[in-house]
Amino acid sequence: MSNNYRPETKCIQSGWKPKNGEARVLPIYQSTTFKYESSEQMGRLFDLEEAGYFYTRLQNPTNDAVAAKICDLEGGVAAMLTSSGQAANFYAIMNIAEAGDHIVCASALYGGTYNLYAHTLKKMGIEATFVDPDAGEEELHAAFRENTKAVFGETISNPSLVVLDIEKFAKAAHAHQVPLIVDNTFATPVNCRPFEWGADIVTHSTTKYMDGHATCVGGCIVDSGNFDWDAAKEKFPGLTTPDETYHGVIYTERFGKLAYIQKATAQLMRDLGSIQSPQNAFLLNIGLETLCLRVERHCENAQKVAEYLENHEKVAWVNYAGLEGNKYHELAKKYMPNGTCGVISFGLKAGRDGAVAMMDHLQMAAIVTHVADARTSVLHPASHTHRQMNEQELLEAGVQPDLIRLSVGIEHVEDIIADLEQALAYV
Ligand SMILES: *Cc1c(COP(=O)(O)O)cnc(C)c1O
């Protein structure tokens, strides 16, 4: 029934459903372990024959309530929280790929995800091919191999702000019988629900808008339940053949549409253990309650700031999909008609030195690595996250040396613009 609620209502009402006399507000189950009356009962949990809690490394009731809320917001069938967005993107792949396998990724990616897929997964025997997100169908199809197991992209890429053509990527993935995984961190389910456009699995760094206050690192994986693993049985043996570590359970047989998340919990969390702490999940849940309100204001403010910058004589260029002339404006209107996100990038005519001069004179906006929280913040990748690179390497990584990443907060927009205005006077 709650699936008919609008996002504003789900943000408040989904997840924790207290029974008679229980806490109205989601409690923190600050316990590593859970008690049972008989050895037999506990045994059934270990055989995956009964659902229940036994150890917080695998599952915790606080975490599950928050995962259920995110699941509802995305329109999925099952979800799990992870300790970080990195862990979510790692597990999302590891759950269906192993040494000798291959994945296809849109090349416009968060730096951490690029490193994970290009280097760390490679050391584990999983290779990635990176394709231009604007590639035509033919070029996209050419990236696939016999051993390809998944396609990955970001709804709005961080920091390059490329809007993914989700339908195009879903079509290519499905033609090769593999799922499309979309990192929906920047758009959030408030602005885009990738499952409605054919994505099969969604991941999040909940660290960003979902938490919204820069208090907790966290992640989430949501499954739409739409991908038919049995139709491509030989590609996904981990889901469709017996798991000897659980007495030969076959995940798709036993759990149907819940197979993917069940396996990720039972195997990956058990063995790798990147669980979110229940304390952090509690704080994330409070953040989620105001997600709709905040995202709306982030987008409204970012639109006004982007328009202000576009008309400023010292500004060379502005990248924000909400602007009419932006390369991704039409795709953004299709997938995110209510707005994209609060992050803008821009460059100054005075280049790299100008960027540094401006940033050093900001009074309210803070220089931080983080993006997508309530406070306006800035970062100059060439001086910070990418400072070890020379100009040539920066350009190859898609980071213009003058690029300033501005994460527009939910302060009054006139105060944000006034801060930029006075800082730009020093350029
Ligand atoms: C931040 C981010 C991540 C990584 O998340 P952490 O919570 O920092 O581990 C992954 N994807 C995107 C799009 C991000 O912005």
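First listed ligand is number 1; within each ligand, the first listed atom is number 1. FYI, side chains are in, hydrogens and waters are out, and symmetry mates aren't considered; it's all heavy atoms of this structure. Note that this is a predicted model, so its numbers are computed, not measured.
- Partner L362 forms a side-chain contact (heavy atoms from CB on, under 4.5 Å) with one of L424, T376, V378 and no other, that one being V378.
- With respect to atom 6 (P) of ligand 1, the closest heavy atom belonging to the protein is G85 N, 3.4 Å.
- T207 OG1, 2.6 Å is the protein heavy atom nearest to atom 7 (O) of ligand 1.
- When only modelled atom types and interatomic distance are considered, D230 and T240 share no side-chain donor-acceptor pair under 3.5 Å.
- Near N158, meaning under 4.0 Å from any of its heavy atoms, are these atoms of ligand 1: 14 (C), 15 (O).
- Listed by number with element, the atoms of ligand 1 under 4.0 angstrom from any heavy atom of G218 are 7 (O).
- Listed by number with element, the atoms of ligand 1 under 4.0 angstrom from any heavy atom of F186 are 15 (O).
- Cation-pi geometry between K208 and Y110 is satisfied (NZ or CZ under 6.0 Å from the ring centre, within 45° of the ring normal).
- Within ligand 1, counting atoms from 1 as listed, the ones closer than 4.0 Å to a heavy atom of S84 are 7 (O), 9 (O).
- At the shortest separation from atom 15 (O) of ligand 1 among protein heavy atoms lies K208 NZ, 2.7 Å.
- From the protein, the heavy atom lying nearest to atom 13 (C) of ligand 1 is D183 OD2, 3.5 Å.
- Using modelled atom types and a 3.5 Å distance limit, the side chains of Y53 and D64 yield a donor-acceptor pair.
- Among protein heavy atoms, atom 5 (O) of ligand 1 sits closest to S205 OG, 3.0 Å.
- Side chain of H384 to backbone of H380: a donor-acceptor contact under 3.5 angstrom is found.
- Numbered from 1 in the order shown, with element, the atoms of ligand 1 that lie under 4.0 Å from a heavy atom of Q86 read 4 (C), 5 (O), 6 (P), 9 (O).
- Aromatic ring centroids of F46 and F54 lie under 6.0 Å apart.
- Side-chain contact check for Q422 and D419: at least one donor-acceptor pair (N or O, by modelled atom type) lies under 3.5 Å.
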